[in-house]
Novice: 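Below is a structure I'd like to ask you about.
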4 protein chains.
Amino acid sequence: MIMFIKIELNSDTPIYMQIYDEIVKAIASGDLKEGTVLPSARKLAANLGINFHTVNKAYNLLREHRFLLLNRKKEFVVQRSRDEKFMEKLKDQELKLFEEAIAKGFTEKEILNMLQNVLKRQKKSEEL
Amino acid sequence: MIMFIKIELNSDTPIYMQIYDEIVKAIASGDLKEGTVLPSARKLAANLGINFHTVNKAYNLLREHRFLLLNRKKEFVVQRSRDEKFMEKLKDQELKLFEEAIAKGFTEKEILNMLQNVLKRQKKSEEL
Amino acid sequence: MIMFIKIELNSDTPIYMQIYDEIVKAIASGDLKEGTVLPSARKLAANLGINFHTVNKAYNLLREHRFLLLNRKKEFVVQRSRDEKFMEKLKDQELKLFEEAIAKGFTEKEILNMLQNVLKRQKKSEEL
Amino acid sequence: MIMFIKIELNSDTPIYMQIYDEIVKAIASGDLKEGTVLPSARKLAANLGINFHTVNKAYNLLREHRFLLLNRKKEFVVQRSRDEKFMEKLKDQELKLFEEAIAKGFTEKEILNMLQNVLKRQKKSEEL
DNA sequence: GTGGTCTAGACCACC
DNA sequence: GTGGTCTAGACCACA
């Protein structure tokens, strides 16, 4: 299995976080389907030219957040869990973000516009 | 000046975070207007029956995020900054949140519904 | 033999775990008696509309934990083993859980209340 | 600040887990009170004769589970969060454990006896 | 092979 | 000083 992950070594976001984000993005866009077995942490690390532990940390974080599971063959496999607790957390986070934006002086319309732009951008990447 | 802040001592969110959230909410809802001088950290702490440092931590975090500024008298004052960097950060955060939601298996419609519900809830508290 | 197992495809707990839990529950409640031959993994999988491997994983985990055994005909059979090692493990787990609860600030009374509620709920399902 | 933690290097439970358990136990018994600053990961590691990362892993796990928080001075501090979500999780775990015990053939009385013994043991260590 | 764990040494930003 | 992060190399149990 071939993984296309771009890593910016000189970014301010940690490498393991970049891997995390890229895999979530790939699941969201449909590039990684449910049941897909990810390359082993060691192989992906070799491909990216980084350390095994860095990839391992990303994989374990993804497992904690239920984007991956470890099967009995000790492979990391993509799952789409749809847990409702996540949605509740998301709601709380969004409420807090909106309050901050409005406290900053942005209007509801501006926020909605921004949200729609972001969703459009997301949808495009899904269609490619 | 009197501050109405509700603190849940038995919550799982830290107290300083609760103060932070409550003040942002008060600015968003219009209860706290630009230029309002907040009560000193010591007074608010006494009113809430909590430690001075806890309030101080919340105030400093709010200043860092440009919701408050420290005037010559060393008072914390409400400001509405409208900084565009915040909007950019917000976009990135929203994009990441949406990707996680979609990776979890939620549809675009479900997410939009959730967002509209959250905005409605927010608007109501603004009108009260 | 007919098995009544409810599977929530959109749950956050893995399906094989749900099957595991349901079978343990059925043994505890008396619905599945010692010596009962379970339907083959293939049949159960077909009935539930899920993958054969998922059921197989659950069955093997149950055998590992001595709730099932594999007879000469390679059928999975219910057994009630009463092994004391399990009780020892259980004690250790309970001790750790209690320590966590007390460290969280819950009182002994609260914990006892919770335990009695849980046992009552358990007993009711046994009587049905 | 002096920490009394016993580590079994030749145990089958990972060292970071032993540290985790010992600290939870210390909070439960009252040896570690809310607000207590833990020794730095580096110092504790030196005292125990183990690696910094091992202690760090334990500390971060404790923070994730809300037994510790990282203050603005980057110190790990004991907190007693009393979050209700924990109690809900605990209930589910207990229910599952009871079902397993009953499925094994243990009676309700035996389980209650065991639980009371464990609670007594816990209470004693709290009083010392 | 795999991931889980532990060790060791390094640089960073923050205070 | 602190924790956060990354690298490097090692041993283990498991399958």
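Proteins come first, then strands; the chains are lettered A, B, ... in the order of their sequence lines, and each starts at number 1.
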Novice: Measure from CG on D:Leu44 to P on F:dG1 and round the result to the nearest Å.
Specialist: 17 Å
Novice: Give the intermediate values and the outcome of ring pair (Phe, Tyr, Trp, His ring centres under 6.0 Å) for residues A:His65 and A:Phe86.
Specialist: CA-CA 9 Å; A:His65 293 185; A:Phe86 172 82; 8.8 Å; no
Novice: Respond yes when some side-chain nitrogen or oxygen of A:Thr54 is under 4.0 Å from OP1 or OP2 of F:dT7, and no when none is.
Specialist: yes
Novice: E:dT2 P sits how many Å from A:Arg63 CZ, rounded?
Specialist: 16 Å
Novice: At under 4.0 Å, does any side-chain N or O of A:Asn60 touch on OP1 or OP2 of E:dG3?
Specialist: no
Novice: Hey, is the side chain of A:Arg42 pairing donor to acceptor with the base of E:dG3 inside 3.5 Å?
Specialist: yes
Novice: Does B:Lys96 come within less than 4.0 Å of A:Asp21, counting only side-chain N to carboxylate O?
Specialist: yes
Novice: Would you say the base of E:dG9 and the side-chain of D:His53 have a donor-acceptor pair closer than 3.5 Å?
Specialist: yes
Novice: What is the distance, to the nearest angstrom, from the CZ atom on D:Phe52 to the C1' atom on F:dT7?
Specialist: 14 Å
Novice: Between A:Lys25 and A:Glu22, is the closest basic N to carboxylate O distance under 4.0 Å?
Specialist: yes
Novice: Given Watson-Crick or G-U pairs with both distances under 3.5 Å, what dot-bracket string fits DNA chain E, with | for other-strand pairs and [ ] for crossing?
Specialist: ||||||||||||||.
Novice: Starting at the 5' end of DNA chain E and moving along, which residue's nearest nucleotide shows up first, A:Glu75 or D:Asn51?
Specialist: A:Glu75
Novice: Taking CG from A:Leu70 and P from E:dT5, how many angstroms apart are they, rounded to a whole number?
Specialist: 11 Å
Novice: Between P on F:dC12 and CG on D:Asn10, what's the gap in Å once rounded to a whole number?
Specialist: 12 Å
Novice: Nearest to the D:Lys43 side chain among E:dG3, F:dT2, E:dC6, which nucleotide is it?
Specialist: F:dT2
Novice: Reading DNA chain F from 5' onward, which residue's closest nucleotide shows up sooner: A:Lys73 or D:Ser40?
Specialist: D:Ser40
Novice: CD1 of A:Ile15 versus C1' of F:dG4: gap in Å, rounded?
Specialist: 13 Å
Novice: Just wondering, are more than 12 heavy atoms of other shown residues or ligands nearer than 6.0 Å to CZ in C:Arg42?
Specialist: no
Novice: Reckon D:Tyr16 has a side-chain N or O less than 4.0 Å from the OP1 or OP2 of E:dT5?
Specialist: yes
Novice: So, are A:Arg82 and A:Glu84 salt-bridged, with charged N and O less than 4.0 Å apart?
Specialist: yes
Novice: Compare every heavy atom of A:Asn51 with every heavy atom of A:His53, then report the nearest pair and how far apart it is.
Specialist: N-OD1, 2.7 Å
Novice: Take the protein atom CG of D:Leu9 and the nucleotide atom P of E:dT5, then report the distance between them rounded to whole Å.
Specialist: 16 Å
Novice: Respond yes when some side-chain nitrogen or oxygen of D:Lys74 is under 4.0 Å from OP1 or OP2 of F:dG1, and no when none is.
Specialist: no
Novice: Step by step, would you call B:Glu64 with B:Tyr59 a side-chain hydrogen bond (donor to acceptor under 3.5 Å, both in side chains)?
Specialist: CA-CA 9 Å; B:Glu64 245 179 58; B:Tyr59 277 11; over 6 Å; no
Novice: Which residue, D:Phe76 or A:Gly49, contacts DNA chain F at a nucleotide closer to its 5' end, judged by nearest heavy atom?
Specialist: D:Phe76
Novice: Tell me whether the side-chain N/O atoms of A:Tyr59 come closer than 4.0 Å to OP1 or OP2 in E:dG3.
Specialist: no
Novice: Quickly work out the D:Asp12 CG to E:dT5 P distance and round it to whole Å.
Specialist: 12 Å
Novice: Run the salt-bridge test on C:Asp83 and C:Arg66 with the 4.0 Å N-O cut-off and return the result as yes or no.
Specialist: no
